[in-house]
Amino acid sequence: MRVPTVAMSLSTSVPIIYPESDGQPLADNTIQFRLIVTIQGGIDALFIDNPNVFVAGDLFWYPVEGEPWIRQAPDVMVVMGRPKGDRRSYKQWEEENIPPQVVFEIVSKSNTRQELEGAKRRFYERYGVEEYYLFNPDKGILKGWRRDREVELLQPIPQMLGWVSPCLGIRFEVVEGELQLYRPDGERFVTYLESIEYRELERQRAEQERQRAEQEQQRAEQAEQAQREAIPKLLAMGLSVEQIAEVLSLPVETVRVVARIK
């Protein structure tokens, strides 16, 4: 008896791994790290009341599902239209296919111009970034690109000093070689240390104001007490209630109450 043969196909699917780190440090030096943290924190604070603005620093962004080799980790990226919250990486197909609209790169000695203005710019251009900002802290050079909708390319922004980001509303300046960013209300982005110092100054000013108010209150109470103590003395000198009220700049009724005169 012949045993029929059964064709069996074994389907094994190997899960695609999307690395969460490239093993490289967040920054090569303290200047780069401080700028990254200040920009990320400042933008996060700017949109603190908007639950649908996600801001991240040095987070892998994967724009294409199934192709983990296509990725970038901008120093700072901003995604309008996606909720705040922690992520191990930004997988665009899990985020309603919304790409970061704004990215920042801070130049370090390990970066090359060809990498930042060439390969990275083309990546951001291809995968939907609206604004790309690049700052070299060693040279104090600020550059920017904005998407031209007619040709769908990131075109250079001719003048970055005083430029206001259409997406974020923040203003760019370089002061003595230092990048300065300003909120729409004119407040400058500050470092964490500066924010602590400002908070302490505000606490000291509030304490000084409280002490000043207490002193004013004490002086007012002492003046009022002196007036009340003067009323019997002036009555004894023969002044009328009306005269005392005029001399002490008090209502007649107050003088009558203190003097217990009906």
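Just the heavy atoms: all of them, side chains too, but no hydrogens, waters or symmetry mates, feed the values below. Throughout, residue positions are numbered sequentially from 1 according to the sequence presented.
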**Report entry** side chain to side chain contact (heavy atoms under 4.5 Å, CB included) evaluation trace for I98 with Y90
**Finding:** CA-CA 10 Å; I98 299 177; Y90 189 84; 4.1 Å; yes
All N/O donor-acceptor pairs, side-chain side in residues 235-252, below 3.5 Å, sequence neighbours left out:
| residue | atom | partner | partner atom | Å |
| --- | --- | --- | --- | --- |
| S240 | OG | Q243 | N | 3.1 |
| S240 | OG | Q243 | OE1 | 3.4 |
| Q243 | OE1 | S240 | N | 2.9 |

Give the minimum heavy-atom separation between [X] and [Y], together with the two atoms involved.
X    : Y    : result
L168 : P184 : O-CG, 4.5 Å
P99  : W61  : CB-CZ2, 3.9 Å
F189 : I43  : CE2-N, 3.6 Å

Test of understanding: clusters of I, L, V, M, F, W, Y form through side-chain heavy atoms closer than 4.5 Å, transitively. Do [X] and [Y] belong to the same one?
X    : Y    : result
I70  : I16  : no
Y127 : M77  : yes
I157 : V102 : yes
V55  : Y182 : no
I36  : V174 : yes

How would you list, by chain and number, every residue that makes a side-chain contact (heavy atoms from CB on, under 4.5 Å) with [X], sequence neighbours excluded?
X    : value
R122 : A119
E117 : R113, L134, K143, W145
K233 : none

Report task. Show your working on salt bridge (Lys or Arg N to Asp or Glu O under 4.0 Å) between E131 and R147 and close with a plain yes or no. Result -> CA-CA 6 Å; E131 301 173 26; R147 183 170 296 275; over 6 Å; no
Query raised in the report: Are the charged groups of R210 and E214 less than 4.0 angstrom apart, N to O?
Result: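 Salt bridge present between R210 and E214.
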**Report entry** Distance-only donor-acceptor check, side chains Q222 and Q218, under 3.5 Å
**Finding:**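 Not at all, the side chains of Q222 and Q218 share no donor-acceptor pair under 3.5 Å.
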Mind checking whether [X] and [Y] have side chains closer than 4.5 Å, heavy atoms only?
X    : Y    : answer
Y124 : P100 : no
V103 : V76  : no
L59  : F54  : yes

Nearest-0.5 Å distance that lies between atom [atom1] in [X] and atom [atom2] in [Y]:
X    : Y    : atom1 : atom2 : result
I170 : I39  : CD1   : CD1   : 7.5 Å
E229 : L234 : CD    : CG    : 12.0 Å
L154 : F123 : CG    : CZ    : 12.0 Å
M160 : F172 : CE    : CZ    : 4.5 Å
I48  : L46  : CD1   : CG    : 10.0 Å

**Report entry** Neighbour count above 12 (heavy atom, 6.0 Å) for L161 CG
**Finding:**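 Counting neighbours around CG of L161, more than 12 heavy atoms of other residues, nucleotides or ligands fall under 6.0 Å, so yes.
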Backbone N/O of [Y] and side chain of [X]: donor-acceptor pair under 3.5 Å:
X    : Y    : answer
D75  : I106 : yes
K84  : V53  : yes
K109 : N29  : no

Just jot down the side chain to side chain donor-acceptor pair (under 3.5 Å) partners of [X], sequence neighbours excluded, or say none.
X    : answer
E125 : R121
E176 : none
S108 : D28, S110, N111
E173 : R171

Requested in this report: List for me each residue that meets ring pair (Phe, Tyr, Trp, His ring centres under 6.0 Å) alongside F60, sequence neighbours excluded, and say none if there are none.
Outcome: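 Listed in chain order: Y62.
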Query raised in the report: What pairs meet the ring-ring contact (aromatic ring centres under 6.0 Å, His included) rule with one or both residues in residues 92-114, with sequence neighbours excluded?
Result: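 Every pair satisfying ring-ring contact (aromatic ring centres under 6.0 Å, His included) with a residue in residues 92-114: Y18-W93, F104-Y133.
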Report task. Share the residues that join L153 in a hydrophobic cluster, the rule being Ile, Leu, Val, Met, Phe, Trp or Tyr side chains under 4.5 Å apart at the heavy-atom level. Result ->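 Listed partners: V151.
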**Report entry** Pairs meeting criterion salt bridge (Lys or Arg N to Asp or Glu O under 4.0 Å) with involvement of residues 95-105, two or more places apart
**Finding:**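 For residues 95-105: R82-E95, R82-E96, R87-E95, E105-K120.
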Query raised in the report: Of Q101, R149, R146, which meets side chain to side chain donor-acceptor pair (under 3.5 Å) against E130?
Result: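 Among the candidates, only R149 passes.
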